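So the structure is just underneath, and the comments pick up after that.
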Amino acid sequence: MALLEVQNLKKYFRTPRGPLHAVDDVTFKLEKGKTVGVVGESGCGKTTLGRTIIHLLDRTEGKIFFNEKDVSDPTKKELKELREDMQIIFQDPYSSLNPRKTVSETIAEPMKVQGKMTKTDIRAEVRSLMETVGLAERFENSYPHELDGGRRQRIGVARALALRPSFIVCDEPVSALDVSIQAQIINLMLDLQEERGIAYMFVTHDLSVVKYISDDIIVMYLGNMVEMAPSEELFENPLHPYTKALLSAIPEPDIHNQTERIIMRGELTSPINPKPGCRFMARCEYASEECEGSQILEEHTAGHFVMCCKYKQITN
């Protein structure tokens, strides 16, 4: 049974020139205790997708199901209840924390808003969460500016865990951190997933990270989901030209086993009122008139989907 199911989700923003298609017809499922990675260049819609799913942004079209219940248009009461199960870890640990609140006040805030716990219970839960994410008790009354990036991001993780959610959107949670701190945060998240059965949607542009943490990976390009597959399958057998180009950009430490870099040329198609057809066409070396027609997400093998009318020719 899927914990989260997204059906044909769309999110458009109004602009003077027309609607900007930030997320356009995205469909996927996520099981409890699993991780789906969402990758793509900046501006591809991956962060907007996560924020729309947890209702930080209103959807334009499509359906969102959580625990088999339609939560596409929740009331204020339903949304407050939904917040217990759906949370987010923001990208920037420097700007996502209130500089006027201490560590304990920040972690306690979600519990105070829910109003289901006494002050004594909240204080005990805050200390338990700090221990869980590896924050020493001496930082309880510290302010964000007194801490480094790794500790600030641990505060963000603790705040997201405060209501014991079953689903967390991780919006590039390690991109602003040093490599050694990145590893600590990712390992912490994996430990918490194993311990609590949390499902993650892990948004990132770092393919090395997403391979390590994800069960399935979604590749997005200008609002479209162009490919989705299990993690190992995507890395071993990428089908979409854009996916191939992204994977070719991963640095190879073995100088005797260097991969040929695929250089994407051409200009980005505008996401404002895009024309029918493949949005990657202007940068694709395999593009032809066939690509100007409507594209569909086709299942190549079990669980491996691709939106490319020419992928069979490219693969063969």
Side-chain angles (χ1 to χ4, degrees), residues 6-28 36-64 72 88 90-92 169-172 175 201-207 210 217-229 234 238-249 262-298 305-311:
V6 175
Q7 295 180 356
N8 308 111
L9 190 64
K10 298 181 181 180
K11 175 59 184 177
Y12 300 164
F13 294 97
R14 291 182 180 179
T15 74
R17 293 168 51 203
L20 186 153
H21 293 218
V23 175
D24 213 351
D25 204 22
V26 171
T27 298
F28 70 93
V36 60
V38 184
V39 300
E41 296 171 299
S42 296
C44 71
K46 53 189 187 293
T47 293
T48 303
L49 174 62
R51 294 188 176 210
T52 303
I53 289 172
I54 65 171
H55 299 287
L56 290 182
L57 296 171
D58 294 328
R59 69 190 175 91
T60 302
E61 288 182 28
K63 293 288 186 181
I64 303 168
S72 306
I88 184 170
F90 293 100
Q91 175 179 356
D92 188 359
V169 173
C170 308
D171 183 12
E172 301 198 40
S175 63
M201 176 179 162
F202 197 91
V203 174
T204 183
H205 60 265
D206 190 330
L207 287 158
V210 84
I217 298 175
I218 294 171
V219 181
M220 291 188 68
Y221 185 80
L222 289 181
N224 282 155
M225 185 171 74
V226 297
E227 190 164 358
M228 178 174 69
L234 188 84
L239 299 176
H240 197 282
Y242 178 61
T243 308
K244 292 174 183 284
L246 287 180
L247 295 181
S248 76
I262 299 173
I263 306 297
M264 291 183 284
R265 307 186 187 280
E267 294 186 7
L268 284 167
T269 303
S270 173
I272 299 174
N273 275 330
K275 297 177 181 179
C278 178
R279 295 180 188 175
F280 186 61
M281 185 169 58
R283 305 172 74 190
C284 181
E285 60 180 305
Y286 306 102
S288 66
E289 290 183 7
E290 188 181 358
C291 303
E292 295 177 4
S294 296
Q295 304 291 306
I296 61 170
L297 197 66
E298 183 178 338
F305 297 84
V306 60
M307 183 185 285
C308 178
C309 61
K310 305 192 74 172
Y311 80 90

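These figures come from a predicted structure and were not determined experimentally.
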message: Just verifying a value: how many Å separate Leu268 CG and Tyr221 OH, rounded to the nearest 0.5 Å?
response: 4.5 Å

Pro238 backbone acceptor or donor facing Glu227 side chain under 3.5 Å: no

Side-chain donor or acceptor of His240 paired with backbone N/O of Met307 under 3.5 Å: yes

message: Would you say that Leu222 contacts Cys44 through its side chain, given a criterion of any heavy-atom pair below 4.5 Å between the two side chains?
response: no

field: Approximate separation, where rounding is to 0.5 Å, of Leu9 CG and Glu61 CD
entry: 10.0 Å

- prompt: With distance as the sole test, does Thr52 use its side chain to make a donor-acceptor pair with the main-chain N or O of Thr48 at under 3.5 Å?
  reply: yes

field: Evaluation steps, side chain to side chain contact (heavy atoms under 4.5 Å, CB included), between Val23 and Lys10
entry: CA-CA 5 Å; Val23 175; Lys10 298 181 181 180; 5.8 Å; no

task: May I ask you to decide if Tyr12's main-chain N or O and Thr60's side chain share a donor-acceptor pair within less than 3.5 Å?
output: yes

- request: State, yes or no, whether a side-chain contact exists between Arg51 and Asp171 at a heavy-atom distance under 4.5 Å.
  value: yes

task: Say whether, by atom type as modelled, one donor and one acceptor occur between the side chain of Thr27 and the main chain of Asn8 under 3.5 angstrom.
output: yes

statement: Heavy-atom nearest pair, Ser270 first then Arg17, reads OG-NH2, 4.1 Å

- line: In this structure, CD1 of Ile54 is separated from CE of Met201 (nearest 0.5 Å) by 9.5 Å

message: With heavy-atom distances below 4.5 Å as the criterion, would you say the side chains of Tyr311 and Glu298 are in contact?
response: yes

field: Distance, nearest 0.5 Å, that separates CG of Leu246 from CG of Leu234
entry: 9.5 Å

Glu172 side chain reached by Lys46 side chain, heavy atoms, under 4.5 Å: yes

field: Cys291 to Ala287 - nearest heavy-atom pair and separation
entry: SG-CA, 3.9 Å

task: Answer yes or no: is there a donor N or O on one side and an acceptor on the other, between the side chain of Lys310 and the main chain of Tyr286, under 3.5 Å?
output: yes

Atom pair CZ (Phe28) and CG (Leu49), whose distance is rounded to the nearest 0.5 Å: 5.5 Å

field: Thr269 and Met281, any side-chain heavy atoms less than 4.5 Å apart
entry: no

- prompt: Are Gln295 and Asn224 close enough that some pair of their side-chain heavy atoms sits under 4.5 Å apart?
  reply: no

statement: Output for pair (Ile272 CD1, Arg14 CZ), nearest 0.5 Å, gives 14.5 Å

message: Are Cys308 and Pro241 packed together at the side-chain level, in the sense that at least one heavy-atom pair is separated by less than 4.5 angstrom?
response: yes

task: Carefully, step by step, assess Phe13 and Leu57 under the rule side chain to side chain contact (heavy atoms under 4.5 Å, CB included).
output: CA-CA 10 Å; Phe13 294 97; Leu57 296 171; 4.0 Å; yes

- request: Begin from the C-alpha positions of Val219 and Tyr242 and carry the test side chain to side chain contact (heavy atoms under 4.5 Å, CB included) through to its verdict.
  value: CA-CA 9 Å; Val219 181; Tyr242 178 61; 3.7 Å; yes

- prompt: Judged by atom type as modelled, is there a donor-acceptor pair below 3.5 Å linking the side chain of Arg59 to the main-chain atoms of Ser72?
  reply: yes

